[in-house]
Structures are given as C-alpha cells and as structure tokens.
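To start, the structure under review is shown below, and the notes come after it.
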Amino acid sequence: SCEVDFVLIGAGLPRTGTMSTYTALEKILPGKCHHMARVGTDKTDRNVTFWLKAVVGDVTDEEWRQFVKDERLSAGVDYPVSLFWRDLVRIYPNAKVLLNDRDPVRWYESVRNTILQVVGVSTGPLARFNPLLQLVMFVSGRGKVLVVPKTLCYAETALGSAFPRGMFGAVEDGQEEAVKFFNAWKAQVIREVPADRLLVWQVKEGWGPLCSFLGLPVPEEPFPNVNDTPSMLQRIGIIKKLVLGTWAVTAV
C-alpha cells in the first residue's frame, strides 16, 4: 500500500461532532482518520500500547511518525489525537488544524451523559471487583481497551495544572468548571495555531468550509450526521445489565 500524508490534526474535544467528522474525513481523504473508536476496534495491541505511553510523555517524535504511518492516517479527530494536538502541530508543520466547536453547555451535558458514564460504569468499583465480569473483559480484550479512554480523559491537558484531572475532572466538577475548561481549550488552540493553519468549525456548517480548507471538492452526498448519543445510552444500559448480571451469577 502506498504511503499517505498526514494532513489534518483535529484539536477539538470529544463530543463536538467528532464521530460525524471522522466519518466525513474517511470519505474525502486518501488515508484513514483516527478516532477513539479506532482504539476499541484495533485487532493488535498497537493502539493500547502507544496511547498509554504517549500519555506519560514517553513517545519520541520518531515513534509518533511511525504510529501515524503504521495506522495509515491522513487525519485524526477526537481524543486520543486531540489531547496531543500541540505535539502533532510541531511534528507535522505542514498539517492543518481543525478545531471542532460547539455550544459549551450542550457539550458539558453530552460528555456527562455519555462517555463519562460509559467509562465510569465499565471501570468503576462494581465492575472492577467483579470476578466474572473481569474474566469476560479479559477474554474479550475489552478490559485493556477501556483503560485507555479513562487514562486519557483524566490526563492533564496542554492547559496544565489549572485542570489537573483533565476533561473528565472538569466535567465532574460541574457545569461552570466544564464550560471554563472548554473555553480555555478553545482559546489556547486559537492563540497557538497560526490563523492560516486553523479552521474553527461546527459540524452543522457541513462540507463547504471543511473542503475549502483542505482544498478538496465538495462530495455529492450530504454531510454525515452520526449522532451516537442514542447508541451510547444503549451501550451504558447494556454495560449496567452486564455488571449487575455477572454479580448476580457470582452471588449464586
């Protein structure tokens, strides 16, 4: 397979329409787009190993380039990629930067009701000290995969010690703190990325600004609208049932 260039760094936070963006970018770019969803579908251990090293600052520029090459990436959006936007902006000086934007209050509610719940239920004490569930997780390989979003979402960000428990910490501290985090994140990206390299964009704006920014033709088909909140809520329900069900079996 021929090599592809890494052309777009997504600096937007999770729950800013990144699933729709990821779906759209896979349609218009030659290589793949990275998204947290890819961590969970990796048949190898490459993603788990790489991101857990990256979060403790243990990855060299050469290892970043190798990972991007091995994954055949043209772009990356959502965490884990956006957590490391600063590194990637430096390592790939020719890549452009996309900042997915959204109303911060609605963003807070979305994080609180979806990914915070998924990670909380599946890695919380009820799940962690449940021998049968741990066995199921171990056999399916899901246990290690769930460690990644939890570690990354609580990791300190480029904003530093103002938000020591990262995105999830800010969201757990309530709406005011979460909105402050969102706005500080956005301001930092705008401040540090040269204007000619940056597009601040909301998914509702569709193909136009995105394709123009990337110098690509606008596809005939409508912009993908992948609202994964309903499927997330369904998943939370399944995980809760699994946790309680395996406890019931363990008790018997």
Side-chain angles (χ1 to χ4, degrees), residues 3-16 18 21-22 25-26 29-40 42 44-101 111 115 145 147-170 181-201 213-214:
E3 280 195 30
V4 292
D5 288 331
F6 187 63
V7 296
L8 189 67
I9 300 157
L13 289 161
R15 312 306 296 168
T16 54
T18 49
T21 311
Y22 154 73
L25 290 169
E26 293 235 313
L29 292 173
K32 292 176 179 171
C33 180
H34 201 283
H35 183 283
M36 186 68 89
R38 281 213 180 279
V39 177
D42 189 350
T44 70
D45 263 351
R46 184 165 64 216
N47 270 273
V48 172
T49 311
F50 179 82
W51 294 114
L52 291 178
K53 275 182 72 177
V55 83
V56 292
D58 193 21
V59 174
T60 64
D61 290 6
E62 197 37 58
E63 287 172 306
W64 273 108
R65 290 190 193 98
Q66 193 59 50
F67 177 80
V68 165
K69 189 176 158 184
D70 290 343
E71 292 276 307
R72 293 199 75 249
L73 300 178
S74 284
V77 295
D78 198 74
Y79 268 18
V81 165
S82 62
L83 183 62
F84 301 99
W85 65 266
R86 249 182 170 173
D87 296 293
L88 292 165
V89 162
R90 177 179 56 74
I91 297 166
Y92 292 93
N94 298 324
K96 295 188 167 185
V97 181
L98 177 71
L99 179 64
N100 279 55
D101 195 16
V111 174
I115 51 177
V145 166
V147 168
V148 177
K150 180 173 185 173
T151 308
L152 293 163
C153 291
Y154 281 105
E156 201 172 286
T157 67
L159 295 167
S161 57
F163 301 96
R165 290 165 53 248
M167 175 175 76
F168 275 3
F181 173 82
F182 185 95
N183 289 333
W185 178 286
K186 178 178 169 180
Q188 185 181 40
V189 174
I190 293 170
R191 190 169 63 243
E192 294 190 19
V193 179
D196 60 344
R197 273 182 84 179
L198 178 67
L199 174 66
V200 181
W201 171 85
F213 181 59
L214 290 168

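We use all heavy atoms of the structure for the numbers below, so side chains are in, but hydrogens, waters and symmetry mates are not. If you're wondering where the values come from, they're calculated on a predicted model, not measured in any experiment.
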Min side-chain heavy-atom separation [X]-[Y] under 4.5 Å:
{"X": "K186", "Y": "L99", "result": "yes"}
{"X": "Y92", "Y": "V7", "result": "no"}
{"X": "V97", "Y": "W85", "result": "no"}
{"X": "L25", "Y": "L214", "result": "yes"}

Test F67 against V59 for side-chain contact (heavy atoms from CB on, under 4.5 Å), laying out the working first. CA-CA 10 Å; F67 177 80; V59 174; over 6 Å; no
Does [X] use its side chain to pair, donor to acceptor, with the backbone of [Y] at less than 3.5 Å?
{"X": "D42", "Y": "N47", "value": "yes"}
{"X": "Q188", "Y": "A158", "value": "yes"}
{"X": "R38", "Y": "K32", "value": "no"}
{"X": "W185", "Y": "A11", "value": "yes"}

Taking all heavy atoms of [X] and all of [Y], pick out the closest pair and write down the distance.
{"X": "L198", "Y": "I190", "answer": "CD2-CA, 3.8 Å"}
{"X": "P14", "Y": "S82", "answer": "CD-OG, 4.5 Å"}
{"X": "L83", "Y": "A155", "answer": "CD2-CB, 4.2 Å"}
{"X": "V77", "Y": "T18", "answer": "CG2-O, 3.7 Å"}
{"X": "R197", "Y": "F213", "answer": "O-CZ, 3.2 Å"}
{"X": "V81", "Y": "G10", "answer": "CG1-O, 4.1 Å"}

Hey, can you tell me if W64 and F50 have their rings parallel, tilted or perpendicular (30° and 60° cut-offs)?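 If you compare the ring of W64 with that of F50, the planes turn out perpendicular.
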Could you measure the distance from the [atom1] atom of [X] to the [atom2] atom of [Y]? Nearest 0.5 Å is fine.
{"X": "R72", "Y": "E3", "atom1": "CZ", "atom2": "CD", "result": "9.0 Å"}
{"X": "F163", "Y": "Y154", "atom1": "CZ", "atom2": "OH", "result": "16.0 Å"}
{"X": "N100", "Y": "D78", "atom1": "CG", "atom2": "CG", "result": "9.0 Å"}
{"X": "H35", "Y": "L73", "atom1": "NE2", "atom2": "CG", "result": "13.0 Å"}
{"X": "F168", "Y": "F181", "atom1": "CZ", "atom2": "CZ", "result": "10.5 Å"}
{"X": "L152", "Y": "T157", "atom1": "CG", "atom2": "OG1", "result": "12.0 Å"}

Start with the C-alpha gap between T16 and D101, add the side-chain angles, then the distance that decides, and say whether side-chain contact (heavy atoms from CB on, under 4.5 Å) holds. CA-CA 6 Å; T16 54; D101 195 16; over 6 Å; no
For I115 and M167, run side-chain contact (heavy atoms from CB on, under 4.5 Å): C-alpha distance rounded to whole Å, both residues' side-chain angles, the deciding distance at 0.1 Å, then the answer. CA-CA 11 Å; I115 51 177; M167 175 175 76; 4.0 Å; yes
Return the set of residues passing side-chain hydrogen bond (donor to acceptor under 3.5 Å, both in side chains) with R65 (not counting sequence neighbours), or none when no residue passes. none
Out of Y22, F6, W51, which one pairs with H34 under the ring-ring contact (aromatic ring centres under 6.0 Å, His included) rule? W51
Which residue pairs satisfy the salt bridge (charged side-chain N to carboxylate O under 4.0 Å, His left out) criterion with at least one member in residues 46-56, sequence neighbours excluded?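 Listed by first then second residue: R46-E71, K53-E63.
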